[in-house]
Amino acid sequence: MNNIPVILIVEDENGISNFISAILTSNNYHVIKCQNGKDAVTMAGSYCPDLVLLDLGLPDMDGLEVLSGIRKWSDMPIIVVTARGNEIEKVKALDLGADDYVTKPFGTLELLARIRTAIRHKQKSYNPLETDKIRIGGLVIDIVKRTVTMDGEVVHLTPIEYKILLMLAKNAGKVITLDSICKEIWGPYTNELNALRVNMANIRRKIEANPAEPKYILTEVGVGYRMAEDA
Amino acid sequence: MDSEEKRPDPDLLLKSIGTNENSGRGKLKIFLGYAAGVGKTYAMLDEARELKKSGTDVVVGYVEPHTRPETLQLLEGLPSIPPLTVQYKGIRLKEFDLEKALNRKPEIILVDELAHSNAEGVRNKKRYQDIEELLNAGIDVYTTVNVQHIESLNDVVENITKISVKETIPDYVFDNAELVKLIDIAPEELLRRFEEGKIYRPERAVAAMQNFFTKENLRLLREVALREVAQRISQDNINEYDKTEKTINQRFLVCIGPSPSSAKCIRWTARTAEAFHAPWTVLYVETQDSRSQTEEQQENIRNHFDLAAKLGAQIVTLNGYDISAAVAEYAKLSGITNIVIGKSRKKKSFRNFYEKNLEDKLISKLSNTEIYIIPDNDNVKEYKRPHQVKWQNNFYFSWGDTIKSLAFLIAATLFSLLLRQLDIGEQNIIMVYILSVLIISRFTKGYAYGVISSVISVLAFNFLFVEPYYTFTAIQVGYPVTFLIMLIAALLTSAMMVRIKTQAKLAVERERKTEVLYELNKKLLVTRGLDNIMELANGYITSLYNRSVIFYPEDPQNGNKGVIKKASSDKDISFLNASDEEAVAHWVFVNKKRAGAGTDTLMGAGAFYMPIMSQGNVLGVLGISCASGNKLNHDNRAFLRMIASLVAMALERQHLSDEQRQIMVESEKESMRSNLLRAISHDLRTPLTAISGASSAILENKSTMDEQTHDKLLSDIREDSQWLIRMVENLLSVTRINESSMNVAKTPQAVEEVVPEAVSRIRSKFPGCNIKVKVPDEFLLVPMDATLIEQVIINLLENAIKHSKRSSLIELTVKRLGSLAVFEVSDNGEGIPLQELPNLFEGYSSGKDKNADSSRGMGIGLSICRSIIKAHGGKIEAENKAEGGAVFRFVLPIEGSDINE
């Protein structure tokens, strides 16, 4: 693959977009920049970037509007940049179709990891599930046999636990909101938040060495869960 | 149910009451006449027309339909409210429609016949109560009344006309009227009008003429009316000066009993006290006899109390055996200067031949008090005091007492036989028998056993010990005297015992009441929190009266339900929550008066509602269920009032402490804010200076700088800015705490999800740190703001890392302790300096001799931790471990409780 991925940075603060573009350029991405929502929508249309890094605090319009504007015609990966503590905004963005989010202030390594994951998932979705096994660290999920092993040992999960684990593993590296897990597992008209939490606690006790320091299923408090890509 | 239909619609009621609030009280103008036909209604309507012309919003609320045609002409052109039609026992009655009037809310409303009694099923029993509601709603009212309807003049008028007037208005209604206009015409003129048939229709006129409309009656009534108005005027004049002094000089006390004639005493006292501008008290002494009162007597007493309350008296009930002693004692203690008693001409009977009269006893006990005696009128129907009940009380049969008496008598006889054997004089035998009679009287109830024993003793003595033996004939002359003495001794002892026992019983009862009040007060003193106070009061009332209770701490219209306590005897108490019962409670809140079952207002309700008042404010309303049919008697109500006043005090205290708390929250907020400001101004400046200095050094000296210095400066910039980020995050987290309540929005969060996130954030900031995390095996949900608690954990871990050597172990443990979640961060570092320990969480306020740099980072961090934990209703503390290092511990409530309470 000799074509370099193109990343559109939507950020009104010059200082921040400068350092992000410096990082990305040196990590072999091609960067285009814009500073407001209007330009973002037009540039997304004309350049068709491989990924959009979208700051939600924009001077001319709400970042969420830009997000839903792009989502109307494209499923290009979009990572939103938000402030910490604003869980509601994160959940909204994810519900509107954002692929992931990073929280300000973020580290460079974290940002690069998220960008890689998002681009990879995009490519995967073209030819879905070429394998019948998902491996993450010592965790192996056999989709055909519906079995889970951890470091070679069989883990006994209830059907619901298996469903949750599978959903997270298929989206490894991406954050899945609590709401979308609930809807997927229990259907759209129930609110089984506590049931989800209890199930999650049980899964952790079965697959994590120390549930207090999980390696596989990470919690994004107030937002959802994220399966680590490699543990 | 019949009564159900008649009950007023609660929604309408609520709506009408709703409009009452937030307005000043209306003014009452009374058109006073001395007889029907003097032209009160005419004068009222005439004035209304004048007002109408000048643009005032006048509405005719109600005018009697049998009004004279000339008067009816005046009605034309005046807007009026159609009367309410009430079905009562098949008759259609027209009544004033209070709801419509309240909804219409005119400036002035005309309501004829102030003394009218409403038909059953209308909200209030009396029209003056309707008018009071109108006044409370800020509507001015014009009304008419004849002088004979004024309560305190009732008996005076009755004396003149020999016709008793049933419909009366309390004096305070008349006294509180803003204006009284006397409509006066000469009696001759009135009689002429009367003869012309202008007042009554001819067929009724004849009867009226004979009974009432005599020239003499009319003259006297006119005089009464003129006097009343004159007195009102003179009182107004007096009121302007030295009223207070006058009230101190005199205090009236009227003693009442169950006799209907007591009403007369009460009225007399009311008038006299009014003339002297003196306060007055109605006193009822409850004795042993009152326990056996008939239904009619109790009803009389209740009526007297109601009358006294209407006339503005203070009502006191005392317990005592001797009425005169109780009255005298009370009079002395309360500084009574004048005592009024009623007296009927009693025939002297054997029983009370030697008994002194009440007035004599009072005079002998109170030499300085004036005593007025009001004779009982003959026209009151002969009232008999039922005596037989009393006798029954003192003569009854019980096996236990019979055996006791027999045992004592046999013992006395045996002992006497022994004495005779020993030949010890027979005068001693008499003594033994007298002694046994005394003992029997002492240990049995009532008079019966004492008297019978004395008779038996006399007979036994006669039979066994008097010559000739074993006959009932007595030869010696002195023996009848002996018998008589024994009999008298027995009677006296029994009487004394009966009295002592009665007093003991009354004392115990009084004691019990006092004790209940004392206990309640004691418990209220240590009770905190509105819910607990309500629970306590409900519990007491329920157990005292065995009735269900509902307690409204706030007007039910504000959407708050009352707190109900169900009594064991009540089966279904759901009606207490019904909307029409709530409407009654709401009425009580607005009108500050009791209402519901057994009162004059909204008597269709299933419960009796009373306000809990303090300084003119209603702090709550108590509803006591009367569903079982029996209403609360005066005694119960009086006691409830006492309980209510205690509860009022407790509520008041609670309100004060709530206010106090609010003030503390304010000051807490203030100190937090100032801490933050200090931190921002002082703490942020240093790293910012360093960053700008380092970056300009790099830019300006690019060529001369060696790579090592260059990198050093850059890493300094990174460190300082990362510190700044953490600081800003801390500051931002405080904004999540609600400004007004100092609370946070809590949602249940799994501890095992929140803790790892905080730890991973710390790990990414401080790679190489050695943190061990332990969470409980059970799944633990704790209500919290996850972002804030994360911040606290981060701050504590960061603090631990700062104060311990690289890679030394830091432990984070979460435990469950009952209903608390305990979070603990323990390090093996240098520990906390002792002098800093007390003010560790105070932020900068303690750091007098610390230099700014050394405290940088954690001073404000820990103070923010404390603010956050406090806002969660938790606690945070720190201590040094014995083996070195420090422990920071915070506790969060799991079940929504606040552990700072």
Side-chain angles (χ1 to χ4, degrees), chain A residues 15-16 18-19 22 82-91 102-114 161 175 178 181 191-226 228 231, chain B residues 695 718 721-737 744-745 747-765 767 770-782 784-791 793-794 811-815 823:
Chain A
I16 292 178
N18 277 344
F19 98 80
T82 74
R84 193 168 109 72
N86 207 343
E87 280 78 27
I88 297 165
E89 196 180 57
K90 291 176 194 166
V91 173
V102 284
T103 309
K104 268 190 209 168
F106 43 82
T108 37
L109 295 177
E110 188 188 357
L111 179 67
L112 290 170
R114 294 289 157 81
E161 287 166 6
V175 65
L178 298 172
I181 301 178
N191 184 11
E192 301 279 354
L193 210 60
N194 277 338
L196 174 60
R197 283 206 173 103
V198 174
N199 272 299
M200 195 55 80
N202 290 335
I203 297 173
R204 282 211 178 104
R205 277 167 183 62
K206 287 173 185 174
I207 65 169
E208 301 279 4
N210 179 6
E213 294 189 73
K215 285 185 182 144
Y216 293 95
I217 301 172
L218 310 173
T219 312
E220 304 279 334
V221 174
V223 182
Y225 296 103
R226 185 200 301 272
Chain B
S695 52
R718 191 174 67 179
S721 55
Q722 276 175 352
W723 183 85
L724 273 177
I725 286 169
R726 288 200 293 280
M727 178 56 117
V728 169
E729 268 174 23
N730 261 320
L731 295 180
L732 277 178
S733 69
V734 178
T735 61
R736 288 172 73 100
I737 300 177
V744 287
T747 50
Q749 296 284 351
V751 168
E752 58 184 46
E753 297 185 351
V754 176
V755 170
E757 173 142 326
V759 173
S760 73
R761 287 168 67 86
I762 274 289
R763 284 229 166 95
S764 66
K765 268 175 207 158
N770 182 10
I771 302 175
K772 201 172 145 198
V773 186
K774 266 198 323 214
V775 293
D777 271 345
E778 65 166 323
F779 178 70
L780 190 55
L781 277 179
V782 181
M784 62 166 96
D785 182 321
T787 316
L788 288 179
I789 295 301
E790 229 177 76
Q791 187 68 49
I793 297 174
I794 289 171
E811 278 177 292
L812 168 60
T813 321
V814 185
K815 286 181 292 201
F823 296 71

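Just so we're on the same page: letters track the sequence lines, and every chain starts at 1.
- Heavy atoms closer than 4.5 Å to chain A are found in the side chain of B/Val759, but not in its backbone.
- Under 4.0 Å is where a charged nitrogen must lie from a carboxylate oxygen, and between B/Lys774 and A/Glu213 no such pair does.
- Contact detail for B/Leu781 and A/Asn194: the closest heavy-atom pair is CD1-OD1, 3.6 Å.
- Contact of the B/Glu753 side chain with the A/Arg204 side chain is registered, since non-hydrogen atoms from C-beta on lie closer than 4.5 Å.
- Shortest non-hydrogen contact noted between A/Val221 and B/Val754 is CG2-CA, 4.0 Å.
- Remark: A/Asn202 engages no residue in a side-chain hydrogen bond (donor to acceptor under 3.5 Å, both in side chains) (not counting sequence neighbours).
- Under the rule for a side-chain hydrogen bond (donor to acceptor under 3.5 Å, both in side chains), the partners of B/Thr747 that lie at least two apart in sequence or sit in another chain are B/Gln749.
- A pairwise comparison of heavy atoms in A/Arg197 and B/Pro748 identifies NH1-O, 3.1 Å as the closest pair.
- One finds a salt bridge joining A/Arg205 and B/Glu752 here, because a Lys/Arg side-chain nitrogen approaches an Asp/Glu carboxylate oxygen to under 4.0 Å.
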